[in-house]
Structures are given as structure tokens and as C-alpha cells.
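As C-alpha cells, the structure follows; a few thoughts come after it.
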Amino acid sequence: MSVLSLISHRRALTAGLPALLAALTLPGLFVPRPAAAHEASCPLCKLPVTQDTAAQDNEVALRYGRKRIEYKCVSCAITDTNRGAYQSGDVTILAPSETKGRPIPVTRTGGKWSAPTGTVFVGVKASHRICQETYRAFTSRAAFDAYVKKNQARLKDARPLTLDQMIAAAK
């Protein structure tokens, strides 16, 4: 093959490229779609993980090494860390707080659980369909009280739980 025919061959290929791109972007051939929300089922209760809303975060995430696993509520995440593959080793649970975009890290390092000072939990037994509302974390007692007052119908007998009490309740 001569150099001249190689150059003309490349020129023919590249000349067709803009036409091909134009054809692919014509309406009907390429229609951009909005991204769908990431939906998953809770590994423990098998119900769909409640997605975050504009007003509040709901998704609970467990970090175990490089893995990130989503749960429906704090109770499901803690229960799952006390059994099976997550029973040993260091884990971090990112529990939704009263402030959107600021989860509370609940960690187990060397078998010892910890959370930031002042962290309290609500843990009221209810159907797993609403457990994202009845098992939550808060940065303070005042935030807990405000949440319970706002959700009085489902949380009428709620008392603030310490981390140790929440872990015991999740067993």
C-alpha cells in the first residue's frame, strides 16, 4: 500500500466521523435520560432502603474495609455487624442525623464501639416499613426531643438511648 493511498484512506474515514456523530445525536436515536436514584434492598430486613429526601437523609451506610453497604435503619446496620462477615473487624456506620448531609459516624474499632460526644438514638420497635423513622441518631438531646415532638404519633413513648443501649436493643 502506498503512502498516498494510506493518507487518502485515513482522510475518508475521518471525513465520515462528523456525519456519524450527527446521525447518532438525531432525535430518536439518542435520547438523554435523567439518572435514576440508586435503589437497593436492606441486607437484613430485605425491604427497600428508604431514599434520602430533600428534607432529611434516610440511608444508613456501613463501611467495612472498601465495602459500602446500605441499610434501611441504624438498627439493621448494627444488628448485621454483630453477625456473619462483619462480626469481627473495624466498621463505621454512617447514621443519618437531624442535619441533612451530616451523618453521625458510629465506629467499632478493636471491638469497641464509639460515637461523637452527645450522640443519642431513638429506638422504638415498630414495623420495618417505617424503621428509618423509629431508629435514628441525633447529635444532641435537644435534636432528639425536637424529632420526637414532630413525630409524636409514632414515637410517643420514645426515650433517648446511649450508644450502648442502642447496640443492646439491636441484638
Side-chain angles (χ1 to χ4, degrees), residues 30-116 118-141 143-171:
F30 175 76
V31 179
R33 297 181 206 156
H38 175 260
E39 293 185 18
S41 294
C42 176
L44 188 73
C45 70
K46 306 299 183 211
L47 293 174
V49 172
T50 305
Q51 299 297 301
D52 296 343
T53 66
Q56 108 180 348
D57 291 337
N58 291 306
E59 296 174 15
V60 177
L62 170 72
R63 286 189 190 155
Y64 180 73
R66 291 180 171 236
K67 291 183 181 182
R68 184 180 191 278
I69 303 140
E70 293 181 357
Y71 291 85
K72 186 154 174 67
C73 70
V74 175
S75 179
C76 287
I78 292 173
T79 300
D80 210 26
T81 62
N82 289 325
R83 63 185 195 130
Y86 314 115
Q87 190 168 351
S88 62
D90 299 343
V91 296
T92 298
I93 296 170
L94 298 174
S97 72
E98 70 280 0
T99 307
K100 181 145 177 68
R102 292 211 163 157
I104 297 172
V106 179
T107 59
R108 183 184 67 202
T109 306
K112 177 94 170 118
W113 285 98
S114 66
T119 301
V120 294
F121 297 86
V122 62
V124 174
K125 274 197 170 263
S127 167
H128 267 285
R129 286 178 293 158
I130 60 167
C131 65
Q132 74 280 357
E133 296 174 29
T134 59
Y135 289 100
R136 292 188 72 85
F138 303 92
T139 58
S140 67
R141 172 67 191 258
F144 168 87
D145 290 339
Y147 182 79
V148 169
K149 185 177 181 181
K150 182 180 172 187
N151 297 285
Q152 189 63 35
R154 292 193 172 146
L155 303 173
K156 60 184 172 200
D157 297 326
R159 284 181 233 131
L161 302 176
T162 64
L163 176 58
D164 290 338
Q165 290 170 325
M166 184 65 203
I167 291 167
K171 286 187 178 180

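From a predicted model like this one, the values you see are computed outputs, not experimental measurements.
- Closest approach of V74 and A95 over heavy atoms only: CG2-CB, 3.7 Å.
- When side chains are defined from C-beta on, I93 does not count as touching Y71, because their heavy atoms never get closer than 4.5 Å.
- Between the side chain of T81 and the backbone N or O of I78 there is at least one donor-acceptor pair closer than 3.5 Å.
- Classification of D145 and K149 as a salt-bridged pair fails, no side-chain N sitting under 4.0 Å from a carboxylate O.
- For P48, the side chain to side chain contact (heavy atoms under 4.5 Å, CB included) test picks out no residue, with sequence neighbours left out.
- Atoms CD1 and OG1, on I104 and T119 in that order, are 4.5 Å from each other to the nearest 0.5 Å.
- R63 meets the side-chain hydrogen bond (donor to acceptor under 3.5 Å, both in side chains) test with no other residue; sequence neighbours excluded.
- Rounded to the nearest 0.5 angstrom, C45 SG and L47 CG are separated by 4.0 Å.
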Give the table of side-chain donor-acceptor pairs shorter than 3.5 Å for residues 158-171, with sequence neighbours excluded, one pair per line with atom names and distance.
from	atom 1	to	atom 2	distance (Å)
T162	OG1	Q165	N	3.2
T162	OG1	Q165	OE1	3.4
Q165	OE1	T162	N	2.8

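- Pairing each heavy atom of S97 with each of T139, the nearest pair is CB-CG2, 4.4 Å.
- T109 is linked by a side chain to side chain contact (heavy atoms under 4.5 Å, CB included) to D90, T107, counting only residues two or more places apart in sequence or in another chain.
- Shown here are the salt bridge (Lys or Arg N to Asp or Glu O under 4.0 Å) partners of R102, two or more places apart in sequence or in another chain: there are none.
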I'd like to know whether V122 forms a side-chain contact (heavy atoms from CB on, under 4.5 Å) with L155, so could you lay out the CA-CA distance, the side-chain angles of the two residues, the decisive distance to 0.1 Å, and finally the verdict. CA-CA 9 Å; V122 62; L155 303 173; 4.1 Å; yes

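- Between V60 and C76 the shortest side-chain heavy-atom distance does not fall below 4.5 Å.
- What you find for S140 and V120 is that their closest heavy atoms are O-CG2, 3.5 Å.
- Listed by first then second residue, pairs satisfying ring-ring contact (aromatic ring centres under 6.0 Å, His included) with a partner in residues 93-113 number zero, not counting sequence neighbours.
- The backbone N or O of A54 lies less than 3.5 Å from no partner atom in the side chain of Q56, so there is not a single donor-acceptor pair.
- Looking at every heavy atom in both residues, R108 comes nearest to G89 through NH2-O, 2.9 Å.
- P105 and P103 make their closest contact through CD-O, 3.5 Å (heavy atoms, listed as atom of the first residue, atom of the second, distance).
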Determine all donor-acceptor pairs shorter than 3.5 Å in which one atom belongs to a side chain in residues 130-138; sequence neighbours excluded.
from	atom 1	to	atom 2	distance (Å)
Q132	OE1	T50	OG1	3.3
Q132	OE1	K72	NZ	2.9
E133	OE1	R154	NH1	2.4
E133	OE2	R154	NH1	3.0
T134	OG1	V124	O	3.3
R136	NH1	D57	O	3.3
R136	NH1	N58	OD1	3.3
R136	NH1	Q132	O	3.1
R136	NH2	D57	O	2.8

